[in-house]
Amino acid sequence: MSNPNIKPPIQLRMNSGHETVMDFGDGQSIIGKRIVAYIIDAVILGIIGIALFFINLASFGLLSPLIAVIVLLLPLLYHSFLISSPNQATFGQRAMGLIQIEATTGQRLNWLQAVIQVILFYMTLSMTGGILLAWCLFDNKGRCLHDILSNSRVIPSDFLDKS
């Protein structure tokens, strides 16, 4: 079912006549969904972290160095692999009907773009206490600073035909 508040995608010609940009409508309408999607992903990562804690306890701490590395890399790997996967979304984004795309072409992000996007996201989150995430409130496409710097965009999944 399509959201009547969002314009259908259209192609706009750039000055060169060769480049096209996809317009996916008002990005402001998905900000709440992005927040809920991140909370879902945080809960999933938290459950995995708790499981790793109990695995560490069961090993009497012998796996502590390995588990420390896993805990540090887990958010990066979780987000990067899922965003660059054919589903183009984390489990939270899928639950909220969102996908991530390359902003100018509308294509799926490659793994390196996804890694850059995730690193920028966590830098924005940790270095400013999340204040820079409010950037999306002032961007007419609802893009956060990490989206702009990585040339990505979060859109409703019903804009892409998966058939």
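Just so you know, these numbers use all the heavy atoms, side chains as well, and skip hydrogens, waters and symmetry mates.
In this structure, CH2 on W111 lies 10.0 Å from CD1 on I116, to the nearest 0.5 angstrom. For the atom pair CD1 of I55 and CG of L66, the computed distance is 9.5 Å after rounding to the nearest 0.5 Å. The CG atom of L52 sits 12.0 Å away from the CD1 atom of I47 when rounded to the nearest 0.5 Å. Here I44 contributes atom CD1 and I39 contributes atom CD1; the two are 12.5 Å apart, rounded to the nearest 0.5 Å.
No single ILVMFWY cluster, assembled from side-chain heavy atoms under 4.5 Å apart, contains both I148 and L109. Residue I30 is grouped with residue F91 when hydrophobic side chains (ILVMFWY) are merged at heavy-atom distances under 4.5 angstrom, including chains of intermediate members. I83 and L74 fall within a single hydrophobic cluster, where Ile, Leu, Val, Met, Phe, Trp and Tyr side chains are chained together by heavy-atom contacts under 4.5 Å. In the hydrophobic clustering of this structure, L145 does not group with I155; members are Ile, Leu, Val, Met, Phe, Trp, Tyr whose side-chain heavy atoms approach within less than 4.5 Å, directly or through other members. Residues L120 and I31 are members of separate hydrophobic clusters, defined by side-chain heavy-atom contacts under 4.5 angstrom among Ile, Leu, Val, Met, Phe, Trp and Tyr.
Taking the charged nitrogens against the carboxylate oxygens, R34 and D147 do have a contact shorter than 4.0 Å, which makes a salt bridge.
In this structure, N110 contributes its side chain and L112 its backbone to a donor-acceptor pair below 3.5 Å. Without hydrogens or angle criteria, S152 side chain to I101 main chain gives no donor-acceptor distance under 3.5 Å. Distance alone, capped at 3.5 Å, is enough to place a donor-acceptor pair between the N56 side chain and the S64 backbone.
No more than 12 heavy atoms of other residues, nucleotides or ligands lie within 6.0 Å of CZ in F53, so this atom counts as exposed by the packing criterion.
Closest of all the heavy-atom pairs between A103 and R143 is CB-NH2, 3.8 Å. Smallest separation of non-hydrogen atoms from T128 and L132: OG1-N, 3.3 Å. For the residue pair S84 and A114, the shortest heavy atom distance occurs at CB-CB, 4.0 Å. Between L133 and C144, the closest heavy-atom pair is O-SG, 3.7 Å. Between P75 and Y122, the shortest heavy-atom contact is CB-OH, 3.6 Å.
Side-chain contact between L125 and Y38 is present, with heavy atoms from C-beta onward closer than 4.5 Å.
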Step by step, would you call H79 with L45 a side-chain contact (heavy atoms from CB on, under 4.5 Å)? CA-CA 10 Å; H79 287 91; L45 289 170; 3.9 Å; yes

For side-chain hydrogen bond (donor to acceptor under 3.5 Å, both in side chains), just list the numbers for N151 and Q113, CA-CA rounded to whole Å, side-chain angles, deciding distance to a tenth of an Å, and then say yes or no. CA-CA 8 Å; N151 196 34; Q113 282 178 298; over 6 Å; no

side-chain contact (heavy atoms from CB on, under 4.5 Å) between L82 and N87: does it pass, once the steps are laid out? CA-CA 7 Å; L82 290 174; N87 290 317; over 6 Å; no

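Screening Q93, Q88, R153, R108 against I99 for a side-chain contact (heavy atoms from CB on, under 4.5 Å) leaves a single residue, Q88.
Below 30°, between 30° and 60°, or above 60°: for F121 and H146 the angle between ring planes is above 60°, a perpendicular geometry.
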